[in-house]
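Working notes for the structure below.
It should be emphasised that the depicted structure is a prediction, and the values quoted were computed from it without experimental measurement. Heavy-atom basis, side chains included; hydrogens, waters and symmetry copies ignored. If you read the sequence from its start, that first residue is 1, and numbering goes on from there. Both ligands and their constituent atoms are indexed starting at 1 by order of listing.
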Amino acid sequence: MIDPATEHVLITGAAGAIGTALRVGLRPAWRRLRLTDIRPIADPTNNEECIVADIGDRAALDRMMQDVKAVVYMTGVGGDYTLEDLFRVNVRGVFDVFESARLAGVQRIVYASSNHAFGCYPITERVTPALPPRPDSLYGAFKVFGETLLREYFERHGIRSVALRIGTFRSLPIDQRSLATWLSPGDVARLVDCSLRHPDPGCLIVNGYSNNTRIKTHDPNWTFLGYRPQDDAENHVEMLRAQGVNVDGPWEWEEHGGSHARAPERRAK
Ligand SMILES: NC(=O)c1ccc[n+]([C@@H]2O[C@H](COP(=O)([O-])OP(=O)(O)OC[C@H]3O[C@@H](n4cnc5c(N)ncnc54)[C@H](O)[C@@H]3O)[C@@H](O)[C@H]2O)c1
């Protein structure tokens, strides 16, 4: 267990959407947060220490790991990224952060994986985190790389970790698929909080959703982790219906990865 009162936790990608939700949800209990991002981090409180750095700056990573007991990896490229950017952040960046953490004696890593790590499974299949990955894209394959690296860090170095296969993180659900995959801001903080506090998660993979009525996966490892989500996308179904979203018709996606599983692969520019 990581002690929220005394131990330093480093959050990477802290200026991003999930990083910002984690700051809001974690800072009342977690007294020593170290935050890093390539972008400035807004309005730090007195228990937050901010470091602006590129994830590719290994010397900066090594410095910021000092005295850190746990790392929460939330860095990511979004929008119109190239495959080069994706590789640099989601493969090389993941390696550098994990390796820097290992050398600094970090004991726990919480990692932002994704639904796209298993996105090629048919929606009708009983999918659990125990099944082999079936990534639906290079993005998904690189997320599996991070999960695999965590397995090696557990087997060889004893570092405990929780990989969160995050579904759709938004303030509210946005479409039919997110009625199954939504992860609310409050629940992402609860999920990371219990991933840090658990006495021994081993090398765990969990699904990262709220308590959605329409969840399509099974045995998400929440009971073992002690995660008790409090939100349900179904409470927002009227809002979606009013927006013209097809919430009553047949399920639109044949695979767990939704549109990713069918979209053309992005080419390196
Ligand atoms: N949002 C979702 O629905 C979702 C779903 C599955 C997985 N994830 C994963 O969760 C993580 C966080 O997602 P998010 O929605 O908060 O994304 P986001 O884009 O809002 O945040 C990512 C942060 O990473 C930072 N970053 C990018 N390149 C960097 C670099 N070279 N050096 C340092 N920092 C850099 C960005 O500045 C940004 O603040 C990502 O790894 C993403 O792949 C998100």
key: Salt-bridge criterion met for E252 and R177 (N-O under 4.0 Å)   = no

task = Can you pull out the closest protein heavy atom to atom 19 (O) of ligand 1? Residue, atom name and distance to 0.1 Å, please.
result = G76 O, 4.2 Å

message = For P201 versus V162, what's the shortest heavy-atom pair and its separation?
response = CB-CG2, 3.8 Å

ask   = More than 12 foreign heavy atoms under 6.0 Å from CG of D43: is that the case here?
value = no

inquiry  = Return the closest protein heavy atom for atom 32 (N) of ligand 1 as residue, atom name and distance.
reply    = I55 N, 2.8 Å

ask   = Is it the case that R134 places NZ or CZ above or below the six-membered ring of F118, under 6.0 angstrom from the centre and within 45 degrees of the axis?
value = no

task = Would you verify that at least one protein heavy atom lies under 4.0 Å from atom 17 (O) of ligand 1, or report that none does?
result = no

request  = Using a strict cut-off of 4.0 Å, indicate which atoms of ligand 1 neighbour a heavy atom of T168.
outcome  = 3 (O)

key: D175/R170 salt bridge by N-O under 4.0 Å criterion   = no

request  = Would you mind checking which non-hydrogen protein atom is closest to atom 6 (C) of ligand 1, with the distance to 0.1 Å?
outcome  = I166 O, 3.4 Å

inquiry  = One thing to verify: whether E155 and R151 come together as a salt bridge, which I'm taking to mean a side-chain N less than 4.0 angstrom from a carboxylate O.
reply    = yes

Heteroatom distance test (A17, ligand 1): nitrogen or oxygen, under 3.5 angstrom = yes

Heavy-atom gap K143 to ligand 1 smaller than 4.0 Å = yes

inquiry  = Does any N or O of ligand 1 fall below 3.5 Å from an N or O anywhere on G19, backbone included?
reply    = no

query = Which class fits the ring pair Y73 and Y111: parallel under 30°, tilted 30 to 60°, perpendicular over 60°?
reply = tilted

query = Of all the atoms in ligand 1, which lie at a distance below 4.0 Å from a heavy atom belonging to S113?
reply = 6 (C), 7 (C)

inquiry  = I need the atoms of ligand 1 closer than 4.0 Å to a non-hydrogen atom of R88, numbered in the order shown.
reply    = 31 (N)

request  = List the closest protein heavy-atom neighbour of atom 34 (N) of ligand 1: residue, atom name, distance to the nearest 0.1 Å.
outcome  = I38 N, 3.3 Å

task = Enumerate the atoms of ligand 1 whose separation from the nearest heavy atom of A53 is less than 4.0 angstrom.
result = 32 (N), 33 (C)

remark   = Closest to atom 42 (C) of ligand 1 (heavy atoms only, candidates Y81, F169, Y111, Y139) is Y139

message = Does ligand 1 come near enough to V77 that some N or O of the ligand is less than 3.5 Å from an N or O of the residue?
response = no

task = Identify the protein heavy atom lying closest to atom 44 (C) of ligand 1, giving its residue, its atom name and the separation to 0.1 Å.
result = I18 CD1, 3.9 Å

query = For ligand 1, which atoms, with element, lie under 4.0 Å from some heavy atom of A112?
reply = 9 (C), 10 (O), 11 (C), 41 (O)

ask   = For atom 21 (O) of ligand 1, which protein heavy atom lies nearest, and how many Å away is it?
value = G16 CA, 3.3 Å

ask   = Quick one: do D193 and R190 make a salt bridge, cutoff under 4.0 Å?
value = no

request  = Provide the number and element of each atom of ligand 1 under 4.0 Å from a heavy atom of G167.
outcome  = 3 (O), 5 (C), 6 (C)

message = Could you check whether R32 pairs with E7 (Lys NZ or Arg NE/NH1/NH2 to Asp/Glu carboxylate O, under 4.0 Å)?
response = no

ask   = Are R197 and D3 ion-paired here, with the side-chain N under 4.0 Å from a carboxylate O?
value = no

task = Drop me the distance from I11's CD1 to T36's OG1, to the nearest 0.5 angstrom.
result = 11.0 Å

query = Would a hydrophobic clustering, with Ile, Leu, Val, Met, Phe, Trp and Tyr connected at side-chain separations under 4.5 Å, put V97 with M74?
reply = no

task = Do me a favour and list the nearest non-hydrogen protein atom to atom 39 (O) of ligand 1 with residue, atom name and distance?
result = D37 OD2, 2.7 Å

Path from L150 to L131 over hydrophobic side-chain contacts below 4.5 Å = no

query = atom 35 (C) of ligand 1: which protein heavy atom is closest, and how many Å away?
reply = T75 CG2, 3.4 Å

ask   = Which atoms of ligand 1 are found less than 4.0 Å from any heavy atom of D54?
value = 30 (C), 31 (N), 32 (N)

query = Taking the non-hydrogen atoms of G208, is any one of them nearer than 4.0 angstrom to ligand 1?
reply = no

